[in-house]
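In what follows, residues are counted from 1 in the order of the sequence shown. All ligand and atom numbering here is 1-based and tracks the order in the structure.
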Amino acid sequence: MDGLREKYLSEIAAAKDEAALESVRLAALGKKGEISLAMQGLRDMEPEARKAAGAALNVVRDEVQSALAAAKSALADAALAERLKTEWLDVTLPPRPAPVGTIHPVSQVTEEVTAIFAELGFAVEEGPHIETDWHNFDALNIPAEHPTRTEMDTFYMARAEGDDRPPHVLRTHTSPVQIRGMLKHGAPARFICPGRVYRADYDITHTPMFHQLEGLAIDRDVSMANLKWCLEEFCRAFFEVEGVELRFRASHFPFTEPSAEVDIRCSWTGGQLRIGEGDGWLEILGSGMIHPNVLRAGGIDPELWQGFAFGMGIDRLAMLKYGIPDLRAFFDSDLRWLRHYGFAALDAPTAHGGLGA
Ligand code: PHE
């Protein structure tokens with residue numbers, strides 16, 4: 001007995017880690033362990049001798065067991081102490097500096113607008129910036145001789161010498177995505193398309209690249225009334241003003257019939273723009289019922305389906321909502337401007353959680 005006791009107590013003391021300790025435990029107390037086997041051996045002894053030997057073995061077993069437990073917790077403590085040497089935190093340090101990057105107002109407004117239209121059941125479609133002449137013009141009921149082609153200050157891509165197909169263009173509006181979306185999904189359809197567009201123009205309110213948001217809804221009986229409601233809902237949510245008032249003015253676009261430009265009621269006082277009050281009107285978008293020729297180009301039968309479409313400038317929306325005076329500054333990459341007008345990186349806008357900061 002004493003031999004067993006000495007042997008295991010010193011092996012336990014020598015064990016350097018939990019694995020070594022575990023093999024000592026198995027050797028002593030496992031099913032085939034020496035102490036366990038000795039206990040089984042008691043069965044073959046005379047009752048008197050068994051009693052004495054049994055009591056002594058129990059003592060040895062308990063001692064080994066508690067030595068194991070003590071060694072185990074000592075090892076765990078040592079391991080923890082070792083880890084704490086490297087994994088400590090100085091809670092007296094000042095908090096992390098605020099992140100220096102900000103979300104660009106165009107990205108922010110794109111997210112805001114997408115969140116609002118998502119609540120109204122609109123999906124998001126995207127299309128290429130380098131567009132075919134057909135998608136950008138013909139399919140939208142703008143034939144080759146149509147004056148809009150020259151009015152749009154289109155950037156044309158070069159064609160190889162001798163290639164007399166119509167050149168590709170940098171899309172002049174997001175409307176070609178209407179065609180792509182219709183061809184892809186058919187009817188009914190409800191989607192928006194935010195994205196960059198290009199026109200050769202440059203002054204305080206025009207840059208050669210800017211952003212538009214297209215939207216359309218096609219169904220059996222979609223009407224101007226639905227268009228009006230959608231746009232009013234949108235403006236109310238976007239400008240976060242209850243009393244938004246819109247004015248629909250008859251207009252003309254080749255791809256819609258009838259067409260309307262939409263103005264929003266506002267006031268300019270002390271250089272400050274207020275939406276929803278005053279006597280001023282500010283044009284914010286173009287819209288109308290999708291022209292049957294456009295539906296046809298999108299593979300949709302205009303005898304069975306009808307729909308509305310609208311297009312607006314995202315940059316312009318950003319300027320109005322956040323009081324940013326000069327469009328050109330949007331694309332100057334001036335860090336001071338970005339810090340001033342940018343948005344916190346982790347505040348994603350949602351219609352329920354609030355849109356702008
Ligand atoms: N594509 C038009 C533009 O760039 C806007 C528009 C879109 C108008 C859809 C009506 C319907 O000015």
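Protein heavy atom nearest atom 5 (C) of ligand 1, with residue, atom name and distance: G311 CA, 4.0 Å.
Residues in residues 250-271 take part in these salt bridge (Lys or Arg N to Asp or Glu O under 4.0 Å) pairs, two or more places apart or across chains: E245-R265, R247-D263, R249-E261, R249-D263.
Classification of R336 and D334 as a salt-bridged pair holds, one side-chain N sitting under 4.0 Å from a carboxylate O. K51 and E48 are not joined by a salt bridge, as no carboxylate oxygen comes within less than 4.0 angstrom of a charged side-chain nitrogen. Here E125 does not pair with R180 in a salt bridge; the nearest charged N to carboxylate O distance is not below 4.0 Å.
Per-residue contacts place Q212 under 4.0 angstrom from the following atoms of ligand 1 (heavy atoms of the residue considered): 3 (C), 4 (O). Of all the atoms in ligand 1, the ones that sit under 4.0 Å from a non-hydrogen atom of H173 are 1 (N), 4 (O).
Heavy-atom separations between M312 and ligand 1 are all 4.0 Å or longer. Using a non-hydrogen distance threshold of 4.0 Å, R199 registers as a contact of ligand 1.
Between the side chains of H104 and S107, no donor N or O sits under 3.5 Å from an acceptor N or O.
The shortest N or O to N or O distance between T256 and ligand 1 is not below 3.5 Å. Close N/O approach between E214 and ligand 1 is not found [any backbone or side-chain N/O within under 3.5 Å]. Ligand 1 has a nitrogen or oxygen under 3.5 angstrom from a nitrogen or oxygen of S175. Considering backbone and side-chain N/O of Q178, none are found under 3.5 Å from N/O of ligand 1.
Only the side chain of F255 comes within contact range of ligand 1, with a heavy atom under 4.0 Å; no backbone atom does. Counting heavy atoms under 4.0 Å from ligand 1, residue S287 touches it through the backbone alone.
Screening Y198, F137, F155 for a side chain to side chain contact (heavy atoms under 4.5 Å, CB included) involving V169 leaves a single residue, F137.
Under a 4.5 Å side-chain heavy-atom criterion applied to ILVMFWY residues, the cluster that includes V197 comprises F210 as well.
The option with the heavy atom closest to atom 8 (C) of ligand 1, from among G215, G286, A309, is G286.
The two atoms that bring R190 and A217 nearest to each other are CG-CB, 3.8 Å, heavy atoms only.
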